[in-house]
Protein chains: 2
Amino acid sequence: MPKVPQISEAEWEVMRVLWARAPQTANEVCAALADSTTWSPRTIKTLLNRLVNKGALKYKPQGRAYHYLPAVSESACVRAASRSFLKRVFGGALTPMLVHFLEEEKLSADEIAELRSMLDERRD
Amino acid sequence: MPKVPQISEAEWEVMRVLWARAPQTANEVCAALADSTTWSPRTIKTLLNRLVNKGALKYKPQGRAYHYLPAVSESACVRAASRSFLKRVFGGALTPMLVHFLEEEKLSADEIAELRSMLDERRD
DNA sequence: CATAAAATATTACATCTGTAATCAAAAGTC
DNA sequence: GACTTTTGATTACAGATGTAATATTTTATG
């Protein structure tokens with residue numbers, strides 16, 4: 001199990017950009033976040049820097065600017081964050097957590113079908 | 001929708017104790033957390049205090065000591081934390097999140113059956 | 001009543017986060 | 001080559017968090 005760094009809420013936004021497409025320059029990341037956030041480019045540079053420092057991102061000096069890219073996989077980070085959430089909010093109990101989401105949130109017929117087929121595969 | 005305060009990881013532990021049984025004195029909360037944590041009673045007192053200040057707990061002066069009790073419901077806090085997690089880690093997409101947990105974590109036959117029956121109820 | 005014990009309130013302090021501004025270095029322009 | 005522009009590095013600063021220690025107030029005890 002790869003040890004992933006602690007990634008804050010704002011940092012997740014940045015990571016998602018780079019997991020979706022990498023490498024990218026700081027400016028490209030800023031452009032990608034321009035719609036979904038109101039952050040100053042300064043702020044985004046700070047986040048990139050912190051993520052590099054905590055080992056979540058790497059970069060390659062590419063001419064004038066850096067090209068940033070993930071140093072940890074999205075799936076590993078998702079796994080770590082999911083476990084942390086499960087432990088924190090549901091005391092680690094998976095089924096109550098799933099029940100919560102199934103009861104609380106809206107699901108389309110298609111989504112229900114997809115989940116049912118996944119459960120079918122699990123039945124062995 | 002009741003507005004719930006921001007509850008940190010350590011604070012969740014304390015809240016869970018009081019959601020499970022309330023009211024309780026600080027000492028009773030400390031006793032309840034003695035097994036699952038290594039926190040000093042001082043630390044737990046601090047957490048109780050912060051939770052009162054942020055409106056997550058109330059207390060009744062009961063003789064010599066306070067009796068603490070929740071000021072916000074567990075379900076409201078679970079809902080808020082779940083949405084926050086869903087947004088942060090999965091960009092708000094419910095189904096990928098459920099898929100992740102179904103794929104990643106172990107489920108017993110009973111749990112699978114329970115989830116399937118919940119999905120059955122959803123099919124209307 | 002004076003003092004000790006117990007409980008709450010206040011203060012401490014380092015790290016993490018959100019949100020930038022300023023500084024420094026590199027590179028292109030005249 | 002000096003100056004401006006671009007980009008990364010360093011510094012800033014307040015609020016949240018983890019983790020307590022100290023101070024103060026209330027209560028029981030001798």
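As a basis for the values below, the full set of heavy atoms in this structure was taken, side chains included, without hydrogen atoms, waters or symmetry mates. Quick note on labels: first sequence line is chain A, next is B, and so on, each numbered from 1.
- Taking a cutoff of 4.0 Å between a charged side-chain nitrogen and a carboxylate oxygen, Glu13(A) and Arg88(B) do not qualify as a salt bridge.
- Annotation: side chain of Ile7(B) is not in contact with side chain of Val14(B) (no heavy-atom distance under 4.5 Å).
- Atom-to-atom, CD of Glu9(A) to C1' of dC16(C) comes out at 14 Å; the value is rounded to the nearest Å.
- The closest donor-acceptor contact from the side chain of Thr43(A) to the backbone of Trp39(A) lies at 3.5 Å or more, if one exists at all.
- A salt bridge links Arg79(A) with Glu104(B): at least one charged nitrogen is closer than 4.0 Å to a carboxylate oxygen.
- For a distance-only test at 3.5 Å, the side chain of Arg42(B) fails to qualify as a donor-acceptor partner of the base of dT8(C).
- Taking for each of Thr43(A) and Ala65(B) the nucleotide of DNA chain C with the nearest heavy atom, the 5'-most of the two is the partner of Ala65(B).
- Straight-line distance from the CD atom of Gln6(B) to the C1' atom of dC16(C): 13 Å, rounded to whole Å.
- Using bins of under 30°, 30° to 60° and over 60° for the plane-to-plane angle, the ring pair Tyr66(A)/Tyr59(A) lands in the parallel bin.
- Atom CE in Met118(B) sits 4.0 Å away from atom CD in Glu103(A) (nearest 0.5 Å).
- Trp12(B) has its CH2 atom 13 Å from the P atom of dG18(D), to the nearest Å.
- Between His67(A) and Arg88(A), the residue anchored closer to the 5' end of DNA chain D is His67(A), taking for each the nucleotide with the nearest heavy atom.
- Against DNA chain C, the stretch residues 45-56 of chain B makes heavy-atom approaches under 4.0 Å through Lys45(B), Asn49(B), Arg50(B).
- In this structure, the side chain of Ser82(A) engages the main chain of Val78(A) through a donor-acceptor pair within 3.5 Å.
- Ring geometry, Phe85(B) versus Phe85(A): the interplanar angle falls under 30°, so the pair is classed parallel (tilted spans 30 to 60°).
- A side-chain donor-acceptor contact under 3.5 Å links Lys54(A) to the backbone of Gln6(A).
- Separating the OG1 atom in Thr95(A) from the CD atom in Glu105(B) is a distance of 10.5 Å, to the nearest 0.5 Å.
- Remark: side-chain polar atoms of Glu114(A) are not paired, donor with acceptor, to backbone N or O of Glu111(A) under 3.5 angstrom.
- Of the candidates dG18(D), dT8(C), dT22(C), dT8(C) carries the atom nearest the Tyr68(B) side chain, counting heavy atoms from C-beta on.
- The CD1-P distance, from Ile44(B) to dA21(D), rounds to 13 Å in whole Å.
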Pick out the pairs of N or O atoms, protein on one side and nucleotides 24-30 of chain D on the other, that lie under 3.5 Å.
none

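- Glu13(A) places its CD atom 15 Å from the C1' atom of dT19(C), with the value rounded to the nearest Å.
- Side-chain nitrogen and oxygen atoms of Tyr66(B) include at least one within less than 4.0 Å of the OP1 or OP2 phosphate oxygen of dA9(C).
- Sorted by residue number, the list of members of residues 19-37 of chain A with any non-hydrogen atom under 4.0 Å from DNA chain C is empty.
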